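Keep in mind that what you see is a predicted model, and the values were worked out from it rather than measured. Each chain gets a letter, A, B and so on, in the order the sequences are listed, and its residues count up from 1.
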Amino acid sequence: MRTVLLSKSDELYLEKCAQEHSFSYGIIVGHQADLTKSIVVHLARNSEEDADLEDLTDVRLSIRDINSHALASQWLSASKMCPGSFDVIGIFIASVRPEMANEQSEEFRNAKKLFSDVYDVLLKSNSSFGVYTTDMAQTDYVFLSYSLADKSLLCKNYTYGNGGTFSSMDYRFVEKPFEWIQLECNYDLDDVIPIVDTTRRINIEEQFQNIIVTIRKYLIASEVFLQNEMVEDTMDLQSYIKKKKLKDDKLKETATNATAAAASSPTAAAASTLHLLSPIDNSNGCVIRASIVMPVKCQLNNPNDIKVREFSGTLRMSGMIFSRIYCNSRNSLADVKRFLRDDVLRSLITRIQVYCDGLTDPHVTNEAVYISEPPRRVFFSIPAECGNCLPCSSVQFSEYLFRGEAPTVAVAQAKQVLDIELDPEAIDLDAEALPDDGNFNHFHADRDAVGDDSRRMSSSMPKRELSRSLYMIGIAVALLVLLASVALHYTMAG
Amino acid sequence: MLPKLRISAFLLKRLERVKLQCSGCLYGVFYGESTLLLLSFNVESSVGELNYEHIQHKFPAELDLCGLVKFGDCTDTQAHLNEVISSVDITDNPILLQCQLGTLVGLRASFFIHGKLEQVPYEVMEAPQLYNDFCFTRLKCGFFLHTAPTPESIAKEMHALRKRVADGSLVFNVPQTKIYVSSNCGTQHQSFNSDSLIETLIAEIPTPTESPTTSNKKKAAATAPELAKYYGAVGCAYDVINIDVLRCRTRELGGGDASSHPALSVCITNEDSSKQQVPLELEAMAMLCKKTKLLRLYDVLIESICRSLRLFEQCLTERLNEQETAASETLLLSPRSYHFYPQEFGHFLSCAYLEQLSDDEPSVQEKRKRLHRQFALPATRPYFRRANQCRFQGDIDTSTWTPLLNTHLGVRPSGVTDGKEYLVNGNYHYYHYLQQQVQDKGWGCAYRSLQTICSWFLLQGYTERAIPTHLEIQEYLHKINDKPSSFVGSSQWIGSTELSMCLQGFLNVDSKILHVASGAELSTIAPELAMHFQTQGTPVMIGGGVLAHTIIGVDYCVQTGQAKFLILDPHYTGADDLSTIQIKGWCGWKSVDFWDKKSYYNLCMPQRPILY
């Protein structure tokens with residue numbers, strides 16, 4: 001039977017939700033520690049209807065009144081924000097009334113319908129729901145229902161399909177905060193994709209869809225190294241760290257021995273320092289660096305099927321996707337690898353979606369060069385409720401910001417989707433740098449040196465961004481006019 | 001210190017055959033503690049033109065230009081030597097071989113040191129030692145070339161591609177193992193360290209039959225030489241290490257934090273002129289001494305890819321230069337790697353051919369002819385046609401049935417005292433009764449013999465035509481009015497004459513028919529058969545009486561006249577099990593008594609067409 005592990009702070013949060021709003025619902029972000037255990041990472045109350053319901057707190061709300069669209073939209077947004085090792089794993093209800101946590105109640109039956117509605121909306125609203133992961137889409141979810149009246153919690157496993165079924169599920173509150181092992185990776189997009197059909201105008205959205213499909217295919221076929229080394233899928237993270245530490249210690253020893261015995265064998269010393277470059281220091285801020293290696297093939301499956309093709313346009317990607325995930329020490333390395341791949345894919349899809357949503361016209365103008373700059377990923381910590389937490393155990397989620405967009409955008413989004421208060425200062429903007437303006441210049445240095453600038457940067461920024469920059473330009477112009485008039489005034493006076 | 005010099009026995013045999021005064025380039029491998037093994041040479045295409053630029057990329061990586069060979073009296077050695085010296089990258093001391101015409105007597109080897117030639121002794125390395133000490137890597141990967149169809153653009157893009165290949169982000173994997181070779185960490189595996197050798201890696205490669213649970217160190221070492229059987233090439237005993245290529249998509253974090261790397265951006269470009277995307281699915285080989293340190297492997301593999309890319313570039317560019325039509329209208333063809341293992345060479349050689357450009361295209365034929373000349377190979381038999389390409393064991397599709405190959409290897413000796421063996425020259429498949437679910441027991445022996453002969457022509461690269469079936473054979477004989485229509489689909493026998501007609505019709509091969517009045521007289525044609533195997537080397541069908549057989553060799557003693565015949569018997573009805581076939585004598589040496597003394601016999605002796 002599956003077990004859900006909750007922390008003390010989750011209980012406090014449920015209590016708070018029930019107290020403040022008498023009836024609340026929201027999503028559960030969790031992590032699959034192993035086949036039978038799911039860890040609740042974060043609960044987030046849905047605040048979509050707060051405004052409408054402000055004066056209706058006394059109305060006896062029930063599950064039937066939950067807006068499944070609002071919930072699905074929160075679900076979707078949250079799954080874009082959480083790292084690849086986490087997912088939205090279900091729905092919670094917190095209420096003052098006792099029947100909420102009663103399996104026999106009418107309310108409970110409505111929960112089944114809610115799940116199925118949300119799932120359907122998710123499927124409909126996002127055709128790439130299953131594409132979010134390199135794996136199959138999940139069909140098992142967690143349902144938590146908390147009643148403030150008797151401080152009880154009902155925990156059920158919901159399985160989608162055939163109208164949905166509820167089955168029993170254990171839960172446990174864990175005193176100690178969960179410990180997370182942080183892994184980081186970046187994925188370099190350094191690809192050129194020819195645009196074959198140029199008889200019609202280039203549709204950016206279509207091209208981006210192609211990119212996603214291709215990268216997903218290759219990601220599935222990829223191998224992931226940890227600390228530059230091949231690792232066995234079957235090992236778990238805990239034993240990997242133990243083994244790695246042992247090896248590093250040994251190497252440290254031999255390295256010092258080697259240096260002591262003069263640099264007689266430079267190759268041996270070089271080999272060992274390679275490993276010392278990034279030792280895992282488990283005591284603080286443990287970060288394991290991962291790298292993704294992909295097959296170098298023209299086609300993954302059918303190498304005979306490829307032909308010479310003519311094209312007259314290219315899509316050139318550059319830059320990278322930064323990935324940071326949090327794993328449980330019991331995760332197998334196969335899981336860890338999958339989480340990393342999922343995270344890269346999720347981040348790619350999300351930023352492309354955000355970018356495309358902002359486009360007024362999905363077609364590229366006929367300019368020679370057109371640069372799209374999807375938003376970049378920024379990270380923020382989920383505030384840990386308990387004060388005595390180690391810094392290591394707090395996890396980070398991410399949001400996407402366009403060039404010039406202030407971190408306050410991410411703060412607002414985190415509040416709305418994840419129900420957390422953030423300090424704009426605390427948002428880590430440096431994981432991914434802004435794309436270099438000159439990045440693509442060298443590709444065209446040989447084409448047309450003069451007049452290059454006039455063709456570049458044709459309006460590729462989406463609306464939100466455009467209005468902001470127009471605003472800035474407006475201020476600049478106003479300032480200029482002011483300066484000019486002051487200058488004019490003095491010259492006239494002089 | 002002077003390098004030690006070894007010369008492959010294969011190379012010596014080839015040198016011996018050069019009968020014209022000329023000069024050429026030598027190719028060899030440096031290995032171990034400064035030993036040079038000479039393996040190959042090419043001769044100048046015309047006087048004074050050494051032409052190594054054209055040819056050097058065809059060699060496996062590590063097999064490099066290392067000196068000069070002179071046949072006969074030479075007058076311009078110094079001039080050539082100066083040219084070669086400037087091109088020899090792998091050593092400061094190029095080698096000079098001086099060879100008399102048509103003989104190895106008086107062969108002199110000297111190293112060029114401080115502007116002077118210093119004569120050195122050499123050792124001969126025989127085939128078994130070569131197979132034992134050296135191995136090849138065979139790497140597969142694919143790139144896309146985005147280029148305009150002009151030589152300049154191709155050169156530029158290929159250069160960029162090679163730079164990308166060598167940027168350190170490639171990672172190599174031995175398929176079916178967890179062995180990875182990367183630029184920053186070398187070769188990683190639990191049992192490897194910085195002193196490990198290539199042979200340790202070979203020992204780690206699992207062979208298909210070996211169950212991983214029972215394999216301990218001892219057993220792995222015992223099965224290591226078997227690798228050639230599973231991954232080697234048909235007809236050669238080298239171990240071949242297959243390699244898959246991956247690219248690390250994670251950039252090393254420069255210095256402290258990650259902030260240096262920019263986020264994703266996409267640039268969409270409308271090109272003014274049309275460009276083409278050419279898939280480059282390449283296969284690259286490299287030659288390695290098994291005692292080479294694993295640390296070297298990464299660089300060698302990179303070099304092998306670069307060589308393949310240069311070959312691709314060469315053949316793309318040559319094609320463009322030949323065509324002379326408006327460049328913008330040409331659709332480029334995609335190049336492909338082909339590996340060859342000419343039995344005379346004792347090493348692999350790779351060529352790049354364009355897909356859809358047939359072997360019989362005049363320009364392609366011309367190139368092959370030049371290649372034959374440069375390698376001093378006769379232009380009378382094919383070496384570098386597509387059909388000659390190496391068949392690697394791992395690639396042979398085990399799901400489709402293939403007959404046994406070269407079943408005579410390992411048969412008991414003939415027992416002819418002081419005899420000399422003259423055998424079929426090249427590979428063949430053993431066809432016999434009941435194969436492919438054809439119920440031909442009692443009538444199909446000559447058909448099977450024909451199939452065996454056809455397989456020889458197929459495996460030797462003379463044809464790409466599939467082996468004819470019984471029905472196809474009958475249909476053809478009816479078509480040429482040799483047989484009535486009732487013959488098609490029947491169970492009637494055919495004889496030597498029918499065979500010769502079919503060979504003519506299917507493969508355009510002429511045959512010599514030899515009549516023998518009685519079985520007893522067969523011993524008298526032993527010298528003639530010996531001559532056939534020396535000059536033609538094709539399997540011979542013998543028919544007469546009620547039986548047909550395939551003769552694939554003769555052991556003959558000139559002094560005593562005693563002779564035995566190596567017979568491949570198509571009447572075998574059992575499973576394709578080599579040991580049964582050899583022990584029970586379905587493939588083995590037979591004396592004259594094997595045939596009916598009173599019956600007459602006809603021999604169909606296929607003649608090699610002149611083809612290159």
Side-chain angles (χ1 to χ4, degrees), chain A residues 185-189 192 194 202 204 207 223 228-230 232 267-268 271 274 290-299 303 306-322 351 364 366-374 376-377 430-436 439-440 443, chain B residues 140-146 149 156 164-165 169-171 173 178-180 182 184-186 188-189 193-195 244-253 257-281 293 295 305 331-334 355:
Chain A
C185 176
N186 67 57
Y187 176 79
D188 197 5
L189 290 125
V192 180
I202 298 165
I204 302 183
Q207 297 301 333
E223 181 54 77
N228 280 329
E229 277 184 336
M230 167 68 208
E232 289 290 340
T267 48
L274 275 176
S291 33
I292 297 176
V293 293
M294 290 209 174
V296 180
K297 285 180 182 167
C298 292
Q299 189 137 34
I306 32 165
K307 303 230 152 52
V308 177
R309 292 193 298 180
E310 276 187 281
F311 64 91
S312 54
T314 53
L315 201 137
R316 206 179 278 269
M317 289 181 273
S318 79
M320 58 122 192
I321 288 171
F322 184 81
R351 71 182 74 200
V364 174
N366 286 328
E367 316 294 303
V369 181
Y370 180 96
I371 294 173
S372 320
E373 196 178 299
R376 72 188 200 282
R377 197 178 201 182
D430 298 330
E432 293 182 5
L434 280 170
D436 192 358
N439 226 356
F440 296 109
F443 296 129
Chain B
K140 285 185 197 179
C141 63
F143 303 96
F144 282 113
L145 182 72
H146 298 121
K156 193 179 130 213
R164 240 169 89 87
V165 164
S169 64
L170 291 192
V171 175
N173 169 233
K178 297 283 181 190
I179 302 169
Y180 286 85
S182 62
N184 51 2
C185 274
Q188 10 166 312
H189 193 270
N193 56 40
S194 53
D195 293 321
D244 277 346
V245 185
L246 303 113
R247 175 185 292 279
C248 183
R249 304 301 298 248
T250 300
R251 270 196 262 176
E252 286 288 322
L253 297 173
D257 56 353
S259 59
S260 45
H261 294 320
L264 164 71
S265 60
V266 178
C267 171
I268 297 170
T269 316
N270 272 313
E271 306 283 345
D272 305 327
S273 57
S274 162
K275 283 195 169 185
Q276 293 176 25
Q277 167 172 273
V278 186
L280 307 175
E281 285 279 6
K293 284 204 176 168
L295 289 173
I305 299 179
L331 189 63
L332 297 170
L333 302 176
S334 57
E355 297 285 88

Contact part of B/Val245 toward chain A, heavy-atom cut-off under 4.5 Å: side chain, backbone, both or neither?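 Its backbone and side chain both get close to chain A.
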So, A/Asn186 side chain and B/Thr250 main chain: donor-acceptor pair closer than 3.5 Å or not?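 Side chain of A/Asn186 to backbone of B/Thr250, a donor-acceptor pair under 3.5 Å: no, none is there.
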Name all residues meeting the side-chain hydrogen bond (donor to acceptor under 3.5 Å, both in side chains) criterion together with A/Gln207; count only those two or more places apart in sequence or in a different chain, and write none if there are none.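 side-chain hydrogen bond (donor to acceptor under 3.5 Å, both in side chains) check on A/Gln207 returns nothing, list empty.
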Should A/Val369 and B/Cys267 be marked as a side-chain contact (heavy atoms from CB on, under 4.5 Å) after you check the CA-CA gap, both sets of side-chain angles, and the distance that decides it? CA-CA 7 Å; A/Val369 181; B/Cys267 171; 3.7 Å; yes
Side chain to side chain contact (heavy atoms under 4.5 Å, CB included) with B/Ser334: which residues, sequence neighbours excluded?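 Listed in chain order: A/Val308, B/Val278, B/Pro279, B/Glu355.
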Does A/Asp188 come within less than 4.0 Å of B/Arg249, counting only side-chain N to carboxylate O?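 Salt bridge between A/Asp188 and B/Arg249, a charged N being under 4.0 Å from a carboxylate O: no.
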What are the two closest heavy atoms between B/His146 and A/Val192, and how far apart are they?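 Heavy atoms of B/His146 and A/Val192 come nearest at CE1-O, 3.5 Å.
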Can you see which heavy atom on A/Pro435 is nearest to which on B/Pro262, and at what distance?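 In terms of heavy atoms, the two residues are closest at CA-CB, 3.7 Å.
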Take B/Leu264 and A/Arg351 through the side-chain contact (heavy atoms from CB on, under 4.5 Å) test and state the conclusion after the steps. CA-CA 9 Å; B/Leu264 164 71; A/Arg351 71 182 74 200; 3.9 Å; yes
Pairwise side-chain contact, A/Met317 with B/Val266, heavy-atom cut-off 4.5 Å (strictly under):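 In contact.
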For residues A/Val296 and B/Leu170, determine if any side-chain heavy atom of one lies less than 4.5 Å from a side-chain heavy atom of the other.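 Yes, their side chains come closer than 4.5 Å.
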In Å, rounded to the nearest 0.5 Å, how long is the span from [atom1] of [X] to [atom2] of [Y]?
X	Y	atom1	atom2	answer
B/Lys178	A/Glu229	NZ	CD	14.0 Å
B/Ile268	A/Arg316	CD1	CZ	12.0 Å
B/Phe144	A/Cys298	CZ	SG	4.0 Å
B/Asn270	A/Phe311	CG	CZ	12.0 Å
A/Lys307	B/Leu333	NZ	CG	12.5 Å
A/Glu223	B/Asp244	CD	CG	12.0 Å

